[in-house]
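All residue numbers in this chain count up from 1 along the given sequence.
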Amino acid sequence: SLGTYLRDHIQNMSKGLWGQALNNLAIKREKILKSLSTYIEKKEVMGKLVQNSLKEVIKRDLPNGKVFLVGAGPGDPELLTLKGLKRLQEADLILYDALVCPEVLDFAPQARRFCVGKRGGRKSVAQTTIEKLLIKAALRGERVVRLKCGDPYVFGRGSEEGLALAERGIPFEVIPGISSSLAAAGAAGIPITHRGIVSSFTVASGHSSKVYEPVIDSCQPNRMTLVF
């Protein structure tokens with residue numbers, strides 16, 4: 001019949017969501033017709049049932065937003081990971097740091113792009129504002145890339161943004177990047193570790209002596225590489 005054809009066609013087009021709803025309606029319709037006696041009662045109940053079914057399908061069929069905390073690497077666009085590149089090419093919105101190489105942004109011409117980076121002594125976007133932007137965009141169903149220099153979880157406040165997203169139930173994924181704390185030494189030909197000479201290394205923030213001085217004091221000479 002025409003009804004069966006339309007049901008099967010909709011089911012194929014919508015990955016089964018609409019088709020499943022139609023099947024459920026057909027089953028419930030038979031029960032309603034048997035349980036109710038008057039036409040007015042049947043029409044009223046079926047009308048409400050159809051509306052509720054449509055709302056449920058539309059809700060399930062909405063795109064799911066997601067945030068990707070992507071490490072852009074130490075600066076050279078060729079050092080961006082393949083997974084990071086893929087997420088950029090799929091993004092609807094990119095919120096990027098001030099030190100991100102402009103050539104990296106060229107990989108995502110389809111996306112809306114906004115700089116939310118912080119520079120010393122200059123006006124910048126508050127961290128809470130950045131987190132709100134990520135949450136709002138994800139709730140709209142957008143795929144959002146939070147593009148950070150180096151690695152998102154190495155002095156990048158990526159963990160703060162991850163916590164904010166988790167508190168709101170927003171799905172997110174961390175795409176690690178090459179940290180400049182390792183890449184800079186390698187590019188200069190300096191090994192961070194070397195068998196028989198140094199077997200460990202420590203990365204410390206250099207912004208405050210209160211942070212790095214205790215680290216220096218705890219290190220034994222010629223045992224560790226310190227990176228600031």
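Hydrophobic clustering places Y153 together with V67 (ILVMFWY residues linked when any side-chain heavy atoms are closer than 4.5 Å, directly or through intermediates). Linking Ile, Leu, Val, Met, Phe, Trp and Tyr residues whenever their side-chain heavy atoms come within less than 4.5 Å leaves L182 and L79 in two separate clusters. Under the 4.5 Å side-chain heavy-atom criterion for grouping Ile, Leu, Val, Met, Phe, Trp and Tyr, L165 is connected to L133 within one hydrophobic cluster.
Side-chain contact between K118 and V125 is absent, with no heavy-atom pair separated by less than 4.5 Å. Looking at heavy atoms from C-beta onward, V144 lies out of side-chain contact with D92 at the 4.5 angstrom threshold. Contact of the E103 side chain with the E78 side chain is not registered, since no non-hydrogen atoms from C-beta on lie closer than 4.5 Å. E131 places none of its side-chain heavy atoms less than 4.5 Å from the side chain of R157. You'll find the side chain of P77 reaches within 4.5 Å of the side chain of F107, heavy atoms only.
Legend: residues meeting side-chain contact (heavy atoms from CB on, under 4.5 Å) with A111, ordered by chain and number and at least two apart, are A91, I94, A108. Residues passing the salt bridge (charged side-chain N to carboxylate O under 4.0 Å, His left out) test with D97 are R146, sequence neighbours excluded.
With values rounded to the nearest 0.5 angstrom, I130 atom CD1 is found 10.0 Å from E160 atom CD. One distance of note links CD1 of I175 with OG1 of T81; it measures 6.5 Å at 0.5 Å rounding. Interatomic distance, CG of L88 versus CZ of R113, reported as 10.0 Å (0.5 Å rounding).
Checked for salt-bridge contact, R87 and E173 meet the test: a charged N lies under 4.0 Å from a carboxylate O.
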Give every donor-acceptor pair under 3.5 Å between a side-chain atom in residues 185-203 and any protein atom, sequence neighbours left out.
none

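Side-chain atoms of Q110 and E90 form no donor-acceptor pair, as typed in the model, at a separation below 3.5 Å.
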